[in-house]
Each structure stands twice: as structure tokens, then as C-alpha cells.
Amino acid sequence: MRRPTVIGNWKMNASFAQTADLLAGLSEGWTGVHQAEVAVCPPYPYLAKAAELLEQSNIAFGAQDLSQHASGAYTGQVSADMLLDLGCKYVLVGHSERREYQGETDTLIAEKFEAAAKKGLVPVLCVGETLEEREAEKTFDVVGRQLRAVIERVGLEGVAKGVVAYEPVWAIGTGRSATPEMAQEVHAYIREVLGPEGEHTAVLYGGSVKPESAAALFAQQDIDGALVGGASLKAEDFLAICRAAE
Ligand code: PEP
């Protein structure tokens, strides 16, 4: 059995005051015991606030990135140990915005995945093709390459300790979600690559998930939940997506 999982990626959004409101709204709306695992990834400066305001809830939290290094002269970077000190459970690794704007390579992403997993954080490995790659029928090649880079570094057992998020780049922040069938096709492929070792690994879909589209996506056999960007910035919308995952 795989636990349905919904993770919010706030990206570089929200002020300190908005963070407090949003976290309070989530905490009030998600008390008690739930089947779904729920987590949010606010910007670094607000992680301590998340630790404080989510303490009484069943909502975990994580960071949007980490350094591949354990410590040292790496100005501006944040290590796995620092995230653990703050109470983080998750860390996103290889989000397409970091691949594109920070030039993160498959090799670097594999190093970051290893650095997180080695310390006991749960890395959320983001994979997905661009529109150009989809139109050139390269979706499986790209997603397979991105997965294999991490498998080569940490093995199938290592990858199985994390979460995988299939996020077609053309669907992120565009309002144009993959159809449930399109997403399912890639999720089935990811599951095949993960093999029996990944039997319990959650594979999430990400890309313009909204309260209205969540249920149909989650009804697919190999979609175990969602990584949510825009809709995770409104407590009501995010909680509706979380409820759809149960
Ligand atoms: C994301 O950034 O991971 C994401 C899925 O964003 P959105 O839901 O806004 O498309």
C-alpha cells in the first residue's frame, strides 16, 4: 500500500505575515487523523515559522532545495543537517525551475538526492519533459534519463526511500494540466523503472493541479497524490486537494 501524499511547493511566494495566515489556516483545517500525508515547502526564511505553527497539526514541512555538500565554504547554501535541525521532513530535489534557471544537471541533482537521503530527509525527486520534448516524443527518454541518473548514484533501494514527482514542465504554472490519462501513462512508466524495490514509493503528479482536477488525477492507478504549486498558496484550495487524495 502506498500512502496518498500531497505536498505544497510555495516557491518564492508569500510574506512573513501571509505565511503565518496560511500556516494557521492549514493547521486548523487539517487536524485529527488522516489517511493522506500532507506537507508544505515554504521558502527557507519561513521554515522556523512552519515548525512553530504546524506543531499541533498532522502537516509535515520541507524545503525547496538543499546543498549537495554537508558543510563548508558554500556561501548562500543550506545543508541537509540545517534542514533537519529546523524539523524538515522533506526536501524538493531537481525541480524544473532549478534545472532551468539554476542550470542544475542530472548529476548535481543525484548528488543532492544522496545528500538528503543519507541524512534521513525524504527527497522529492522532480522529473518531467518540456513541451518540445513531448512533441518530439521524447517524454519517456527524458523521464527515464532523469530517474536513471539518481538510480546510478543511490541504487533502486535508495530512490525507493524518496518520493518521485512527475511534473511535465509545460504544465507547471500554466493552468494546463496533463489529462489523467496522459499523466497515468508516464506514472506507469516511472513505476516500471522503479521496479519492485519502489513498490511502496509514492509517485506524485505536479502541474496546475486544482481542487477541480485533483480527484480525476488521483483516481488513476499509479498516481499517488500531487505536488502543488499555485493552488498550495490558498489554504482552502490546498485542503480541498488534500481531501481529494483521501
Ligand atoms: C510546481 O511548481 O511544482 C507546480 C506543480 O506548480 P503549479 O501547481 O503551480 O503548476
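Worth knowing before you read on, the calculation uses all heavy atoms, side chains too, and leaves out hydrogens, waters and symmetry mates. In listed order, ligands and their atoms are each counted from 1.
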Give the residue, atom name and distance (to 0.1 Å) of the protein heavy atom nearest atom 9 (O) of ligand 1. G230 N, 2.8 Å
Do Q220 and H187 have side-chain heavy atoms sitting under 4.5 Å apart? no
Test applied, salt bridge (charged side-chain N to carboxylate O under 4.0 Å, His left out); reference residue, D106; option that passes from R148, K112, R99: R99
Among [options], which residue places a heavy atom closest to [atom]?
{"atom": "atom 8 (O) of ligand 1", "options": "S232, A231, G229", "result": "G229"}
{"atom": "atom 10 (O) of ligand 1", "options": "S96, P168, G173", "result": "G173"}
{"atom": "atom 5 (C) of ligand 1", "options": "Q64, E167, H95", "result": "E167"}

The criterion is side chain to side chain contact (heavy atoms under 4.5 Å, CB included); which residues satisfy it with Q18, sequence neighbours excluded? A14, S15
Should G207 be listed as contacting ligand 1, given a heavy-atom distance under 4.0 Å as the test? yes
With the threshold set at under 4.0 angstrom, would you say A165 reaches ligand 1 through any of its heavy atoms? no
Around atom CD of E181, are there more than 12 heavy atoms of other residues, nucleotides or ligands at under 6.0 Å? yes
Crowding at CD, Q77 (>12 non-hydrogen neighbours, <6.0 Å): yes
For residues 125-134, please give each side-chain donor-acceptor pair under 3.5 Å, one per line with the distance, not counting sequence neighbours.
{"unit_1": "E129", "atom_1": "OE1", "unit_2": "Y166", "atom_2": "OH", "d": "2.9"}
{"unit_1": "E129", "atom_1": "OE2", "unit_2": "R134", "atom_2": "NE", "d": "2.7"}
{"unit_1": "E129", "atom_1": "OE2", "unit_2": "R134", "atom_2": "NH2", "d": "3.3"}
{"unit_1": "E129", "atom_1": "OE2", "unit_2": "Y166", "atom_2": "OH", "d": "3.0"}
{"unit_1": "E129", "atom_1": "OE2", "unit_2": "W170", "atom_2": "NE1", "d": "2.9"}
{"unit_1": "T130", "atom_1": "OG1", "unit_2": "E133", "atom_2": "N", "d": "3.1"}
{"unit_1": "T130", "atom_1": "OG1", "unit_2": "E133", "atom_2": "OE1", "d": "3.2"}
{"unit_1": "E133", "atom_1": "OE1", "unit_2": "T130", "atom_2": "N", "d": "2.8"}
{"unit_1": "R134", "atom_1": "NH2", "unit_2": "Y166", "atom_2": "OH", "d": "3.3"}

Does S208 reach ligand 1 with a nitrogen or oxygen that is under 3.5 Å from one of the ligand's nitrogen or oxygen atoms? yes
What part of I172, side chain, backbone, both or neither, has a heavy atom within less than 4.0 angstrom of ligand 1? both
